[in-house]
Number of protein chains: 2
Amino acid sequence: MGRKRVTMADVALAAGVSPTTVSLVLSGRGNELRISDAVQQRVHAVSDEMGYRPNIVSIGLSKGTTRTLGFVSDTVATSQLAGDLIKGALEAAREHGYMLFIGETEGDAASEQQLLDAMLDRQVDGIILASMFTRLRPLPPALEDVAAVLLNTLPLEPTTVPAVVPDEYAAGRAAARALLDAGHRQIHLVGAGPEAHAVSAGTVAGRERLSGIRDALAEEGLEPASGHVIRDWLPENGRRAVADLLTAFPAPGALLCFNDRLAFGAYQVLQEAGLRVPDDVSIVSFDDAPLAEWLEPGLSTFAIPHEALGRRSVELLLELVHAGQSGGPVGAPPGTVHRLDMPFLVRGSIAAAR
Amino acid sequence: MGRKRVTMADVALAAGVSPTTVSLVLSGRGNELRISDAVQQRVHAVSDEMGYRPNIVSIGLSKGTTRTLGFVSDTVATSQLAGDLIKGALEAAREHGYMLFIGETEGDAASEQQLLDAMLDRQVDGIILASMFTRLRPLPPALEDVAAVLLNTLPLEPTTVPAVVPDEYAAGRAAARALLDAGHRQIHLVGAGPEAHAVSAGTVAGRERLSGIRDALAEEGLEPASGHVIRDWLPENGRRAVADLLTAFPAPGALLCFNDRLAFGAYQVLQEAGLRVPDDVSIVSFDDAPLAEWLEPGLSTFAIPHEALGRRSVELLLELVHAGQSGGPVGAPPGTVHRLDMPFLVRGSIAAAR
DNA sequence: CGGCACTGCTAATCCGGCTTAGCAAGCGCT
DNA sequence: AGCGCTTGCTAAGCCGGATTAGCAGTGCCG
């Protein structure tokens, strides 16, 4: 510990040339600036032998770019579902030679400001502002001076900052479609509905899923057979809702649960009531929590494409960064909302209607 | 986007003093270097008004310290359980004014080397090398030149680098103790055992849990009633193991599962077999996955203290960093292994033996 | 045989802050 | 008047690399 790093000056000394020459050779401008092949080879050899690595901090100081991005989320890093969000971002960043600062605000505006400042102080090239669950939020003013992308978040007011979100509406449509295709006509919602906009406040995902579901049903001239607005989508609330449902509809043919934890609660209550999945009750859900795979039978669910979301947000951000540095063009117009497909994982929880 | 940052020179110009003076005043050395109160106040006022923030990159260049740490893991960021590991690290870092680079190696040595280099190139002050599950590993040579801490990982050979791990042995003892105290004498192991060292290779946690369990039983003159070595601790394997168990022991009084996913499999099979938790079968487990809380009845389990592990590793690392910078002393001797308590979360899965 | 272009390399400057040495003005003392 | 001390501030150099202007040496040409 504490052994000194090899600097360009060290290499220059060992190779018997000036630091300028080393810089030119290693940056590939040797031919352009007419450094002889002999010297170029010597510099490369000495540099490799000494294990020279350029100090990115120094480059950051003079060029103003650090090959570093900031990833600020409310609680995304700690969420059960969303580790893959970071994983996708991390991978995409590394593929482009960038590193990621990660920060969590816990939803606190002061923390957020502090975190953004800390990242800006470290000269990050761009910032991803992420949320654990899709939501609307105002854009912090600190983001005006830097390339930025919203992840799993939509801006409260129109802005030039692009956003990346899952396509919840399409998933809602497809979920209803899957049950309709299996011949179900009586579809009960667990978590929201049955009327339009009957969703607990603040959940963009719920609203869009419901909207997609209702539109798909409407195309067949149908309405949801029933629905329950639930504030927190937890197993115990799913249990309660489905228990209630069974008193009114002792044999519901199909359940559309607004997430996997609710579906888990449904499984528990159905099993206790002697109803079998999928023979008696078909179930479709959203999120693809790990749980979904562990249930018996496996739960068919629309996955939030966390890894793809993280990856895409980094790629968009890097596009912005490079465009900003070179003055070049950006692919999509400013403020574009990118909606990513939610893959349908078909497991054993759907059967044909009887 | 692109508005220029305020530099110290800007502040100096606006305040009508030299950059040196601004530096002295803002670093608190104004009195020491005899800057008049009037000038000091003016500098502070102008600096605040202009929203000046020092460029940490620049400081990093001259002082060699960036107030930044690296967090390199195999797959910890994406693991279901271990988001809290990062959360604890993130919080502790922020409390000390440090930021964290996060990187994932996916267990690949080349990726790891690349990631460590990328962090070292960015002049991190220290590095945490973490693992998703407790394991033994050799120390990469790149860590010799920098302050480092192992997290959830033990060095293969003696080293000066400290490590932070959960105290699995103590948890194993306490788990057995909890069942013994409830009067159980026939304790079946799901996931390992019954003999000493009967654990699938490479899992330090399993070995230490088993060791603690066997020691606690031995103190009462007991041995595990049965055991199953299981390679992957997944629900389906838990189901299979407990189904097998029930053919040999139709009424097992107590199950000690080596993690919560195995316990989940046990719940499923027991319920199908008409056995009730905890009235017919008591269950204790390890990990405190979110699942444990959602089961009916709730699963009593020993939590991996992820947040505390992350937090402690950062605190240890900062101790090393500061000791290295000031030449000062470190709390614990080099190479100390810090074992953190695994809290016992008592839910509804234990009843008195009949 | 002087002027010019070309070759091959280096000195100097900058990025933004920290650090150390040192300068000018004012004052008291002998 | 001359010396030294204190007060209040600044110039200059450094960290490690990128960039640009420019400097010797050589060969060619008129």
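Chain naming here is simple, since letters A, B, ... match the order of the sequence lines and numbering starts at 1 in each. Not measured: the values here are computed from a predicted model. Only heavy atoms go into these numbers, but all of them, side chains included; no hydrogens, no water, no symmetry mates.
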**Asked** Hey, does the side chain of Thr153(A) reach the backbone of Leu151(A) with a donor-acceptor pair shorter than 3.5 angstrom?
**Response** yes
**Asked** Have Ser18(B) and Thr21(B) got a donor and an acceptor in their side chains that come within less than 3.5 Å?
**Response** yes
**Message:** Counting the atoms with a prime plus P, OP1 and OP2 as sugar-phosphate, which does Val57(A) contact under 4.0 Å by heavy atoms, base, sugar-phosphate, or nothing?
**Reply:** nothing
**Asked** Roughly how many Å is it from CZ in Arg34(A) to P in dT26(D), rounded to a whole number?
**Response** 16 Å
**Request:** Find the distance Arg67(A):CZ to dG17(D):P and express it as a whole number of Å.
**Result:** 16 Å
**Request:** Would you mind classifying the nucleic acid contact of Val22(B) as base, sugar-phosphate or nothing, using non-hydrogen atoms under 4.0 angstrom?
**Result:** nothing
**Message:** Within the 3.5 Å criterion, strictly below it, is a donor on Ser131(B) or Asp74(B) matched to an acceptor on the partner's side chain?
**Reply:** yes
**Request:** Select base, sugar-phosphate, or nothing to describe what Ile59(B) touches, counting heavy atoms under 4.0 Å on all strands.
**Result:** sugar-phosphate
**Item:** Polar side chain donor-acceptor pair, Asp117(A) to Gln113(A), under 3.5 angstrom
**Value:** yes
**Request:** Select base, sugar-phosphate, or nothing to describe what Ser36(A) touches, counting heavy atoms under 4.0 Å on all strands.
**Result:** sugar-phosphate
**Request:** For the helix from dC1(C)-dG30(D) to dT30(C)-dA1(D), figure out the bend between the end axes, five pairs an end, and round to 10 degrees.
**Result:** 90°
**Request:** With a 4.0 angstrom cut-off to heavy atoms of chain B, pull out the first and last contacting nucleotide of DNA chain C, in 5'-to-3' order.
**Result:** dG16(C) to dT20(C)
**Prompt:** Side chain of Ser62(B): nearest nucleotide among dG8(D), dA18(D), dC15(D)?
**Reply:** dC15(D)
**Message:** So Thr21(B), base contact, sugar-phosphate only, or nothing? Heavy-atom distance under 4.0 Å.
**Reply:** base
**Request:** Please report, rounded to the nearest Å, how far the P atom of dG16(D) is from the CE atom of Met8(A).
**Result:** 11 Å
**Prompt:** Expressed in angstrom and rounded to an integer, what is the separation of Arg53(A) atom CZ from dG17(D) atom P?
**Reply:** 12 Å
